[in-house]
Amino acid sequence: MASSSQGLNVIALISGGKDSLYSLLHCIRNGHNVVALANLHPAPHQSTHGHDSGSRGQDSSDDIDEDIDSFMYQTIGHSVIPLYEEALRIPLYRAAITGGALDTARVYRNETGDPASASTTAPSDESSSGTPEDETESLVPLLRRVMQAHPEANAVSAGAILSTYQRTRIENIAARLGLVPLAWLWMYPSLPAPTLRAADPAAVGDAGLLEDMAGCGCDARIIKVASGGLDDGFLWENVSGMGGPGRALRRRIVKGMSRFAGAEDLRGAVLGEGGEYETLAVDGPALLWKARIEIEITEQKAGEAGVAYMKLRGAKCVPKHDDESTASFSPEDVRRPGLLDEAFAAALTDVGSSKTALTVPSSRSEAVSSPAWSDCEPYHHQSESTWTIANLVAPEAGSGAAEQMSAIVDKTKEILQSHPHSRSTEDIVFATVLLGSMADFSPMNKVYVSLFKKPNPPARVSVACGDRLPSNAKVMISFTVDLGPRNDRQGLHVQSRSYWAPANIGPYSQAISIPLQKASRLVYIAGQIPLEPASMEVATEGKTWFDDYCLRAVLSMQHLWRIGEAMQVDWWLGAVAFLTGNEIATQAQVAWHLWKKIHAQPDESDEDDPELDVWDLKYGRRSDDLMPRTVSSTLPRFSVLTSEDKATTSPFLAVEVAELPRNSDIEWQGLGGRCEHVTLSSSDDCVSTVADHKYSYMCREIEETQSPLVDNLRAVIASHCQGQGLSQVVLYTTQPMAEGFWPGQVVPCRSVWGRAGRPLRAGVIIQCEKSTST
């Protein structure tokens, strides 16, 4: 597999808990260098023996470990934190927590900086107005101080597992300071088990992360319990203990928490993600731990409402010896989740073994350059829920991509303001960006980012069409605008590098969903290329071209699936696979094979409820509004399918373009539906999906016949583009279109492929907010 081309210099945020310390091992495992530790502790007025922000030592007489019950930071056990500098031999920097949890939204919206831009100036270390700041802002001066002492630092790591609340706050701060956020444990419970755990029949499945910590020789002691499932008998037990005793404890935790599985995800509770318990890491492999921490005296204390915690005295570092069990531990011994989920690993095996059975037609349209377009008016389609603005170009602005993008930005704002209810760029939920060349991506993107100032920018797909784009256009963009209340939208914008799915490295979200009616939602998902999440490099096995392409096709599809599952998608309304490179006919066959294969998976597993994190526990968020899910849902969910038609495969197109981001050869882009009922129908030239009798997604295939393409398209326009409720109509065409002919979005392609990988002259996607007859 591909590895990271360059290691990062990481500031590790530590709380003393198991997750933040274990994340350091994954930084090392992935080729990065931990240059400093950073910790926030209760201010002196919050603890009678609080440490000075510059403290580097530990007074063995200190016995105060007060917990200020912060939403953001673990504070119990904070008096032991100074010992980590000696135990790990990594410089430690500390500061006091100021303020409180003022912004309690799941997604942090700091108004003093632009979270979408790493160059934005962070707020001052102290509020000049005297207005209390959110406790999240305590990180800013601390990280600035570390960065001043370690100018090589360019990343920050944290131990977030399931908490969107914590992750988005760290990402916000990281973006404002120009640091790469790392969250190696993000969504860890739902990821494929590492090989050693998967092969161990005695492993405690619901405690997989703890099992992997045990495999590394970690020692993390429970110092607080705050759940009815655990009592003071669990205090000072090692949750990551090796062998029989450790596994016996983990089984006890699973059994104790299983009584509360209806209220929160069991695996999250077993890991203590909802505050069920908190830990103090005291030892680990010699790769990281140069000394272990010993506590001379531990004393149990009882709090309110069943809370129990440890009072610690006489903490000190004790040297480790060469003969200890983890002395020979290497970075490669840190367990990493598998790359592919079981279903996608099976799909890869299946498509790899079917190479000889692929029927590959040898058809490809002749290269015909597109004529120039003038400064034409974009097409508009408006339904009850959305407004599509298609084919924005600005050749009159100049010959450069940045110049044209700047003019498109101005046009976009003007068009949005012209709406009867005056919309803004904050209402854009999806963008299709077509470039002449990927060399134009960077100058375009630097201007594009200026459109979006708030968290959760729109999902996006970006491809280069080469000479098929209008000859005088460097950039052509189409936008989908949500006409509903902004508070009803949901977004997924994971910017941290993890093992789950690729981090967003640009001004776009993985997904945005909007409501249709009742529980129905449309889920717009960004184009997914086959980046290995941990390294952010395009995946390759170094085998044959075919094997490598199959891996990339499967991996990018898995990214689409994981994001869909996180957004609670029940069914794919349709998808497009963008292709580039050689052997396009074979690529299209493989993409179709995978799409059909994954739709044939049986739906036999029980559905699990999404998790609650600390924000939800305090504010009582309804579970049906939550995301991301932390457990695998079966997608597509065949229980919603009501069709009598034997077809179970959603609409599909594969289109060849000139270039894709990062020199990838495939990019999947899909539209998902959160719905209760799906009707799927098919004919020789059309596949249609209707969700909850409300939203229709139709794919018309126009084969390579003798009749002129324009005649075929006129028939499509007459039959499908004249009615009410038309939301969007997209033409993927191998032939240049005269300006003004097609009443919707145009994506000029080198070739188009339909079901079974058959060659087409064009494909048309028609979306309506009502059922459309085929």
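Below, all heavy atoms of this structure are taken into account, side chains as well, without hydrogens, waters or symmetry copies. Counting begins at 1 with the first residue of the sequence.
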Decide yes or no for [X] and [Y]: does some side-chain heavy atom of the first lie under 4.5 Å from some side-chain heavy atom of the second?
X: Ile14; Y: Leu92; result: yes
X: Leu555; Y: Gln528; result: no
X: Ile295; Y: Arg313; result: no
X: Pro502; Y: Met536; result: yes
X: Asn172; Y: Thr136; result: no
X: Arg497; Y: Trp184; result: yes
X: Trp289; Y: Tyr84; result: yes
X: Val239; Y: Tyr277; result: yes

For Cys27 and Leu182: C-alpha separation, side-chain torsions, deciding distance, then whether side-chain contact (heavy atoms from CB on, under 4.5 Å) applies. CA-CA 8 Å; Cys27 289; Leu182 307 175; 4.1 Å; yes

Where [X] and [Y] come nearest, the two heavy atoms and their spacing:
X: Ile11; Y: Leu179; value: CD1-CD1, 4.5 Å
X: Arg167; Y: Val494; value: NH1-CA, 3.4 Å
X: Val10; Y: His32; value: CG2-CB, 3.9 Å
X: Ala214; Y: Arg250; value: CB-NH2, 3.9 Å
X: Gly229; Y: Phe234; value: O-CE1, 4.3 Å
X: Gly159; Y: Leu185; value: O-CD1, 4.2 Å

Flag, side chain of [X] to backbone of [Y], donor-acceptor distance under 3.5 Å:
X: Trp561; Y: Leu635; value: yes
X: Glu273; Y: Ser163; value: yes
X: Glu171; Y: Gln495; value: yes
X: Ser240; Y: Cys218; value: yes
X: Glu211; Y: Val204; value: yes
X: Glu294; Y: Ala315; value: no
X: Lys320; Y: Gly284; value: yes
X: Lys18; Y: Leu210; value: no
X: Arg521; Y: Ser513; value: yes
X: His41; Y: Ser15; value: no

Centre of Tyr165's six-membered ring, under 6.0 Å away, within 45 degrees of the axis: is that where NZ or CZ of Arg169 sits? yes

Please assess Cys216 against Met213 for the test side-chain contact (heavy atoms from CB on, under 4.5 Å), listing each intermediate value before the final yes or no. CA-CA 5 Å; Cys216 292; Met213 290 179 178; 5.9 Å; no

Side chains of [Y] and [X]: any donor to acceptor distance under 3.5 Å?
X: Arg221; Y: Asn238; result: no
X: Ser138; Y: Thr98; result: yes
X: Tyr499; Y: Asn30; result: yes
X: Gln490; Y: Arg674; result: yes
X: Asp212; Y: Tyr22; result: no

Distance (rounded to the nearest 0.5 Å) between [X] [atom1] and [Y] [atom2]:
X: Asp232; Y: Lys301; atom1: CG; atom2: NZ; result: 13.0 Å
X: Lys290; Y: Arg89; atom1: NZ; atom2: CZ; result: 7.0 Å
X: Met310; Y: Gln300; atom1: CE; atom2: CD; result: 5.5 Å
X: Met242; Y: Asp219; atom1: CE; atom2: CG; result: 11.0 Å
X: Ile525; Y: Leu492; atom1: CD1; atom2: CG; result: 9.0 Å
X: Leu288; Y: Leu21; atom1: CG; atom2: CG; result: 7.0 Å

Apply side-chain contact (heavy atoms from CB on, under 4.5 Å) to residues Asp200 and Arg247 and explain how you reach the verdict. CA-CA 12 Å; Asp200 186 351; Arg247 283 180 170 162; 2.3 Å; yes

Output, in order, the C-alpha distance, side-chain angles, deciding distance and verdict of salt bridge (Lys or Arg N to Asp or Glu O under 4.0 Å) for Lys316 and Glu296. CA-CA 8 Å; Lys316 61 181 180 181; Glu296 293 182 346; 3.4 Å; yes

In sequence, state the C-alpha distance, the side-chain angles, and the governing distance for Asp341 and Arg562, and then conclude on salt bridge (Lys or Arg N to Asp or Glu O under 4.0 Å). CA-CA 10 Å; Asp341 295 332; Arg562 284 183 175 176; 2.8 Å; yes

How far apart are the C-alpha atoms of Glu278 and Ile222, what are their side-chain angles, what is the distance that settles it, and do they pass the side-chain contact (heavy atoms from CB on, under 4.5 Å) test? CA-CA 6 Å; Glu278 296 188 36; Ile222 296 177; over 6 Å; no

Within 6.0 angstrom of [X] [atom1], more than 12 heavy atoms from elsewhere:
X: Lys255; atom1: NZ; answer: no
X: Glu342; atom1: CD; answer: no
X: Arg251; atom1: CZ; answer: yes

Distance flag, aromatic centroids of Phe638 and Trp571, threshold under 6.0 Å: yes

